[in-house]
Amino acid sequence: MSEVEFSNSGQKPTYLKLNVKNETDKLEAVVLGIGTDLGEESEINPTSKYHKEEGTYPTEEDIQQEISTFEKVLKAHGVKVYRPKNIEGLEQVFTRDIGFVIDSTYVVASMQEEVRQLELPGVKHITNKINPQNIIHPPKDANVEGGDVILWNDHIFVGISARTNTEGYEFIKASFPNKQVHAIPLVVSKDRKKNILHLDCTFQPIGIKDAIIYENGFAERPQIIYDLFKEEDMLKVDQAQMNRMYPNIFSLSPKDIVVERSFKALIAALKERGYIVHEVDYTENSKLSGLLRCSTMPLIRS
Ligand SMILES: NC(=O)NCCC[C@H](N)C(=O)O
């Protein structure tokens with residue numbers, strides 16, 4: 001059933017005015033993950049597998065507690081926060097991956113992992129507020145997840161990973177002919193310390209010209225990134241910092257960035273560059289191989 005609002009006497013539906021052109025314009029509306037019921041401990045990626053084997057898998061309580069502190073920061077900045085509806089036994093933390101907005105178009109993700117694809121009905125009550133004419137679906141055999149799609153105004157970077165394939169990249173390229181769409185092959189490894197699950201685990205633009213980058217996360221040198229971002233504007237992180245998900249912070253605006261509290265070196269570097277840093281605890285979430293960007297799906301940035 002559609003949940004669109006009607007502006008006057010039921011005649012004209014008011015759809016969400018989707019608008020996302022980059023990673024940092026002022027955030028107006030977002031879908032934030034829940035983690036209400038994570039389901040069984042999962043081996044879906046090398047990091048989750050490691051924590052399952054080590055007996056350090058996060059509890060639902062801790063995951064929800066961390067997400068609720070993030071939600072408070074979002075709301076304190078006037079952001080409209082939508083939440084998925086719980087589906088029994090599914091993680092539903094990383095809304096980033098299951099769909100994403102490019103300009104005014106909503107792309108429904110086509111996911112490699114069936115257990116992630118099953119999360120899609122959880123956001124139906126939100127996607128029902130989008131004009132169906134602005135919703136697109138990848139064709140059969142094309143996989144693309146939002147964690148691999150990074151927007152930078154006229155440019156779109158698409159990570160080629162265990163989750164997003166070349167067909168997924170081709171689909172994005174064909175769907176947005178006015179953008180320059182770049183395929184960025186990532187390191188895929190069973191070794192949790194080397195594996196890059198999605199592009200947003202190794203690279204993310206911040207502000208209006210800077211970026212956080214783990215340079216060894218790419219299967220080949222991403223020349224386009226070096227062409228678009230100056231050497232002095234790149235905050236380079238090492239492998240241990242990448243493993244803690246330093247690149248996966250989240251921008252509320254070109255100035256305001258939400259960062260995991262323990263990322264001391266990054267926080268200092270960001271402050272030095274004039275950013276306002278909002279600290280939250282998110283270490284338990286990182287054990288599922290995602291962090292702040294991963295748990296958000298921006299709908300409107302102005
Ligand atoms: N963009 C991201 O890196 N998302 C994290 C997804 C983690 C989730 N446990 C998964 O393996 O699909």
Side-chain angles (χ1 to χ4, degrees), residues 23 30-52 56-60 62-71 73-74 81 83-84 90-100 109 111-113 115-120 122-123 143-150 159 161-164 186-189 192-204 212 214 217 237 240-251 257-263 266 280-298:
E23 303 297 322
V30 72
V31 185
L32 175 67
I34 47 173
T36 305
D37 152 36
L38 297 176
E40 286 181 9
E41 294 189 5
S42 165
E43 300 189 2
I44 188 171
N45 61 63
T47 303
S48 295
K49 184 171 189 288
Y50 169 81
H51 287 290
K52 180 179 173 184
T56 50
Y57 208 82
T59 65
E60 285 169 16
D62 288 347
I63 291 290
Q64 285 170 51
Q65 172 58 30
E66 289 183 349
I67 296 176
S68 78
T69 60
F70 186 19
E71 183 186 21
V73 173
L74 294 166
V81 180
R83 310 300 297 274
L90 298 182
E91 199 169 80
Q92 293 186 281
V93 173
F94 302 109
T95 49
R96 172 68 59 169
D97 302 321
I98 66 176
F100 50 94
M111 309 186 79
Q112 285 273 2
E113 296 286 344
V115 71
R116 297 288 331 262
Q117 190 72 20
L118 293 173
E119 292 183 18
L120 266 64
V123 293
N143 291 121
V144 58
E145 301 190 0
D148 279 317
V149 179
I150 294 201
S161 67
R163 303 291 181 84
T164 295
L186 304 173
V187 171
V188 176
S189 170
R192 74 184 166 93
K193 295 194 171 168
K194 294 193 179 135
N195 186 52
I196 304 297
L197 188 62
H198 290 109
L199 179 58
D200 63 7
C201 302
T202 199
F203 167 72
Q204 188 176 176
I212 302 173
Y214 171 61
V237 307
Q241 293 169 330
M242 179 278 286
N243 291 151
R244 293 169 67 200
M245 313 243 11
Y246 267 46
N248 208 272
I249 50 66
F250 184 64
S251 293
I257 309 186
V258 188
V259 181
E260 152 57 39
R261 196 181 299 285
S262 68
F263 295 176
L266 181 63
V280 296
D281 290 321
Y282 231 67
T283 45
E284 294 303 305
N285 274 273
S286 74
K287 294 178 177 177
L288 302 174
S289 202
L291 207 81
L292 296 153
R293 184 185 190 270
C294 297
S295 40
T296 59
M297 181 209 287

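Any value given below was found using the heavy atoms of this structure, including those in side chains, with hydrogens, waters and symmetry copies removed.
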- With distance as the sole test, does Tyr57 use its side chain to make a donor-acceptor pair with the main-chain N or O of Ser42 at under 3.5 Å? yes
- Task: Name all residues meeting the side chain to side chain donor-acceptor pair (under 3.5 Å) criterion together with Glu43; count only those two or more places apart in sequence or in a different chain, and write none if there are none.
- Result: Lys52
- With a 4.5 Å heavy-atom cut-off, do Glu91 and Glu119 have their side chains touching? yes
- Query: By side chain to side chain donor-acceptor pair (under 3.5 Å), which residues pair with Gln112, not counting sequence neighbours?
  - Reply: Asn143
- Message: As an exercise, state the distance from OG1 of Thr202 to CG of Asn195, rounded to the nearest 0.5 Å.
- Response: 10.5 Å
- Distance-minimising heavy-atom pair for Leu38 and Pro58: CD1-O, 4.2 Å
- What heavy-atom pair brings Ile150 and Glu23 nearest, and what distance separates the two atoms? CA-OE2, 3.5 Å
- Message: Tell me whether Lys287 at atom NZ has more than 12 heavy atoms from other residues, nucleotides or ligands lying less than 6.0 Å away.
- Response: yes
- Item | Nearest-0.5 Å distance that lies between atom CG in Asn248 and atom CG in Leu199 | 10.5 Å
- Item | Of Val73, Asp200, Thr296, the residue whose pairing with Phe250 passes side-chain contact (heavy atoms from CB on, under 4.5 Å) | Thr296
- Using modelled atom types only, decide if a donor and an acceptor are shared between the side chain of Glu260 and the backbone of Tyr282 within a distance under 3.5 Å. yes
- Item | Distance, nearest 0.5 Å, that separates CD of Glu71 from CG of Leu74 | 7.5 Å
- What are the two closest non-hydrogen atoms of Gln92 and Gly122, and how far apart are they? NE2-CA, 4.0 Å
- Message: Please check this pair: side chain of Arg244 against backbone of Ser262, looking for a donor-acceptor N/O pair closer than 3.5 Å.
- Response: yes
- Show your working on salt bridge (charged side-chain N to carboxylate O under 4.0 Å, His left out) between Arg116 and Asp97 and close with a plain yes or no. CA-CA 9 Å; Arg116 297 288 331 262; Asp97 302 321; 2.9 Å; yes
- Query: Any side-chain heavy atom of Arg192 within less than 4.5 Å of one from Ser48?
  - Reply: no
- Any donor-acceptor pair under 3.5 Å from Gln64 side chain to Gly35 backbone: yes
- Rounded distance (nearest 0.5 Å) linking atom CG of Leu291 with atom CD of Glu66: 8.5 Å
- Identify the two heavy atoms, one from Pro247 and one from Met242, that lie closest to each other, and give their separation to 0.1 Å. CD-CA, 4.2 Å
- Might you point out which heavy atoms bring Met111 and Gln117 nearest each other, and give the distance in Å? N-OE1, 2.7 Å
- Any idea which heavy atoms bring Thr95 and Pro84 closest together, and the distance? CG2-CG, 3.7 Å
- Query: Between His198 and Arg163, is a side-chain contact (heavy atoms from CB on, under 4.5 Å) present by the stated rule, with each step listed?
  - Reply: CA-CA 7 Å; His198 290 109; Arg163 303 291 181 84; 3.8 Å; yes
- Item | Sidechain-backbone polar pair: Ser295 side chain, Val93 backbone, donor-acceptor under 3.5 Å | no
- Query: What residues form a side chain to side chain donor-acceptor pair (under 3.5 Å) with Asn243, not counting sequence neighbours?
  - Reply: none
- Distance, nearest 0.5 Å, that separates CG of Leu288 from CD1 of Ile44: 10.0 Å
- Quick one: pull up CD1 in Ile212 and CD in Gln241 and give me the separation to the nearest 0.5 Å. 10.0 Å
- Message: Looking at Val31, is its backbone amide N or carbonyl O close enough to the side chain of Arg83 to form a donor-acceptor pair, meaning the two atoms are under 3.5 Å apart?
- Response: no
